[in-house]
Amino acid sequence: MASVPDAAARAPTSVTYDDIVAARERIRGGIYESPCVESIPLSNLTGAHIYCKLDYLQRTGSFKERGARNALLQLDAAHRARGVIAASAGNHAQGIAYHAGLLGIPATVVMPRFAALVKVANCRALGADVVLHGADLGEARVEAERLATARNLTFIHPFDNAHVVAGQGTLALEVLEQAPDLDAIVVPVGGGGLLAGIGTVMKARKPDVHVVGVEPERAASLVAARANGAPVDIKLAPTLADGLAVPRTGTIPFAILERVVDELVTVDEATIALAILRLIELEKSVVEGAGAAPLAAFLGGKLDRLKGRKAVLVLCGGNIDLTMLDRVIEVGLVADGRMCRFTVSISDRPGGLARLAEVIAATGASVREIVHDRTFAGSDLSEVRVVCVVETTGRDHIALLDKALAEANIRVVAA
């Protein structure tokens, strides 16, 4: 009986355009061919001619199903019978659980203990055996590899697997049919599997297409790999784009990315939050931070060179934690200048607060929260500090409010 390590050793370590074409035929009928739709509001916003590839509409909410299904379908009968194992904080785990269930393959997924409860519940509902282990994805992956050997299961890596990369690349074949005259495609980057697959297709079929990768500043593993000349471990910081928080670019994707990527940019957290907000408001699309990264690159001014050109944004995932969504929206509102906080010093005599409220109301701003602070207002007992959170229409509105407060001789002591 072939051992799991032996099977892994025989797995391909490179991906060709023909592999991706074959993968599309292999997974056809089992994967939703998501639309790639023109967005007039995002085009007006960015100055580019924007199309959105809506792969967050897959059954489990992300593109990960493509690679999962392609990898599963290439197992022989013996490996299918023994089962598979994966390590993931959410999207890859759900893709493996769902398609393994459809194909009758036993599946185990190892998830970090911090994984969102809804994603854990989803994996269990899809029939997978869920193991919670480790403080982060790295520790979960070590445990998954240990269990693969101990239980003689096939480990399916979320991005450092040629079959997975080929499956992810099928998205690009659809894009070329849906938006054949594109000039650029903007792709989120985590471990690099999606970008490697898409880039392989574009350079084989339409080499003039500008292939752009987008990483969060707090998880820029591909930037580090390029600087080092090879994948290297980086220290991650918490990011809204948790689906891209990979400490080391995959070895297989990296070898491909060096040939097929034209540009790599990073985006900050406030801009990711703003991109999520813009997609909700303008496209009625609820996406996770990873899915919003391509739009964030435009909003952050990183892709101004694409203005006037036809660009496809790969909205790759929609599994945002709903318990975090309200906080993300608020961060986006702040980044957009539509919510601001300031502290003023006013008279503690009757009518002082009413006068402040009148000035705010006269500008058309809406008070969301107001808090008196007498304890730390200073030594002048005739004054009180008031912390205000107000909703505005944008930065020009904030400037108008600042001017009105100054004209009313209401002193702003902190913004």
Notebook entry, point to check: What do the steps show when you test Arg327 against Glu330 for salt bridge (charged side-chain N to carboxylate O under 4.0 Å, His left out), and what is the final call?
Noted result: CA-CA 5 Å; Arg327 295 170 62 184; Glu330 288 185 351; over 6 Å; no

### Query
Yes or no on side-chain hydrogen bond (donor to acceptor under 3.5 Å, both in side chains) for Thr239 and Glu269, after CA distance, side-chain angles and deciding distance?
CA-CA 7 Å; Thr239 173; Glu269 295 301 296; 2.8 Å; yes

Requested in this report: Give the C-alpha distance, both sets of side-chain angles, the deciding distance and a yes or no for side-chain hydrogen bond (donor to acceptor under 3.5 Å, both in side chains) between His210 and Glu263.
Outcome: CA-CA 8 Å; His210 194 66; Glu263 186 174 3; 2.8 Å; yes

How far apart are the C-alpha atoms of Glu177 and Arg205, what are their side-chain angles, what is the distance that settles it, and do they pass the salt bridge (charged side-chain N to carboxylate O under 4.0 Å, His left out) test?
CA-CA 11 Å; Glu177 294 170 358; Arg205 286 276 301 278; over 6 Å; no

Q: Test side chain to side chain contact (heavy atoms under 4.5 Å, CB included) on Val390 and Cys340 and set out the steps.
A: CA-CA 6 Å; Val390 300; Cys340 71; 3.4 Å; yes

task = For side chain to side chain contact (heavy atoms under 4.5 Å, CB included), just list the numbers for Ile360 and Leu401, CA-CA rounded to whole Å, side-chain angles, deciding distance to a tenth of an Å, and then say yes or no.
result = CA-CA 7 Å; Ile360 294 173; Leu401 176 58; 4.2 Å; yes

Side chain to side chain contact (heavy atoms under 4.5 Å, CB included) between Val328 and Val331, intermediate numbers included:
CA-CA 5 Å; Val328 170; Val331 171; 5.8 Å; no

| request: Dump the intermediate steps for side chain to side chain contact (heavy atoms under 4.5 Å, CB included) on Val131 and Thr108, then the final yes or no. | output: CA-CA 7 Å; Val131 177; Thr108 300; 4.0 Å; yes

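Within the 4.5 Å cutoff, side-chain heavy atoms of Cys36 are placed close to those of Val312. The shortest distance between side-chain heavy atoms of Arg66 and Gln58 falls below 4.5 Å. The shortest side-chain heavy-atom distance between Leu313 and Leu315 falls under the 4.5 Å cut-off. Between Leu132 and Val130 the shortest side-chain heavy-atom distance falls below 4.5 Å. A 4.5 Å side-chain heavy-atom check between Pro253 and Leu195 finds every atom pair outside the cut-off. Side-chain contact between Leu400 and Asp396 is absent, with no heavy atoms from C-beta onward closer than 4.5 Å. Using a 4.5 Å heavy-atom threshold, the side chains of Leu42 and Cys52 count as touching. Taking the side chain as every heavy atom from C-beta outward, Val212 and Val187 never approach each other to under 4.5 Å.
Here the side chain of Arg305 pairs a donor or acceptor atom with the backbone of Lys302 at under 3.5 angstrom. Side-chain atoms of Arg368 do not come within 3.5 Å of backbone N or O of Val389 as any donor-acceptor pair. With hydrogens and angles ignored, the 3.5 Å screen pairs a side-chain donor or acceptor of Asp160 with a backbone N or O of Thr251. A donor-acceptor contact shorter than 3.5 Å is absent between the side chain of Asp183 and the backbone of Ala311. Side-chain atoms of Thr200 come within 3.5 Å of backbone N or O of Ala196 as a donor-acceptor pair. Put simply, the side chain of Thr392 gets close to the backbone of Gly337: a donor and an acceptor are under 3.5 Å apart. Looking at Asp19, its side chain does come within 3.5 Å of a backbone N or O of Thr16 through a donor-acceptor pair. Asp321 places a side-chain N or O within 3.5 Å of a backbone atom of Thr323 that can act as its donor or acceptor partner. Looking at Asn70, its side chain never comes within 3.5 Å of a backbone N or O of Ile27 through a donor-acceptor pair. A donor-acceptor pair under 3.5 Å links the side-chain atoms of Arg218 to the main chain of Pro238, judged by distance alone.
With no hydrogens or angles considered, a side-chain donor-acceptor pair links His99 and Glu65 at under 3.5 Å. Under the 3.5 Å distance criterion, with hydrogens and angles disregarded, a donor-acceptor pair is assigned to the side chains of Ser285 and Tyr56. Side-chain atoms of Glu215 and Thr266 include no donor-acceptor pair closer than 3.5 Å. Between the side chains of Ser34 and Lys53, at least one donor-acceptor pair of N or O atoms lies under 3.5 Å. Side chains of Glu288 and Asn91: a donor-acceptor N/O pair is present below 3.5 angstrom, by distance only. Under 3.5 Å, the side chains of Thr393 and His397 contain a donor-acceptor pair of N or O atoms.
Note that the CD1 atom of Ile329 and the CG atom of Leu277 stand 6.5 Å from one another [nearest 0.5 Å]. Here the straight-line distance linking atom CG of Leu173 with atom CD of Glu25 works out to 9.5 Å at 0.5 Å rounding. Going from atom CG of Leu282 over to atom OG of Ser39 covers 7.0 Å, rounded to the nearest 0.5 Å. Ile85 CD1 to Arg141 CZ: the interatomic distance, rounded to the nearest 0.5 Å, is 12.5 Å. Atom CD1 of Ile96 and atom CD1 of Ile156 lie 4.0 Å apart (nearest 0.5 Å). Distance check: Lys119 NZ to Leu117 CG gives 11.5 Å after rounding to the nearest 0.5 Å.
The nearest pair of heavy atoms linking Ala135 to Glu139 is N-OE1, 2.8 Å. Counting all heavy atoms, side chain and backbone alike, Ala115 lies closest to Ala89 at CB-O, 3.8 Å. The shortest non-hydrogen separation linking Val189 to Gly213 is CG2-CA, 3.6 Å. Taking both residues in full, the closest heavy atoms of Leu264 and Arg226 are given as CB-NH1, 3.9 Å, listed atom of the first, atom of the second, then distance. The shortest heavy-atom contact between Leu295 and Arg278 is CD2-CB, 4.0 Å. For Thr249 against Phe159, the heavy-atom pair with the smallest separation is C-CE1, 4.3 Å.
Stacking of Arg59 on the aromatic ring of Tyr32 is not recorded, the 6.0 Å distance cut-off and the 45° axial limit not both being met.
Heavy-atom contacts from other residues, nucleotides or ligands closer than 6.0 Å to NZ of Lys284 number more than 12.
The side-chain contact (heavy atoms from CB on, under 4.5 Å) test with Asp55 is passed by exactly one of Val287, Val175, Leu171: Leu171.
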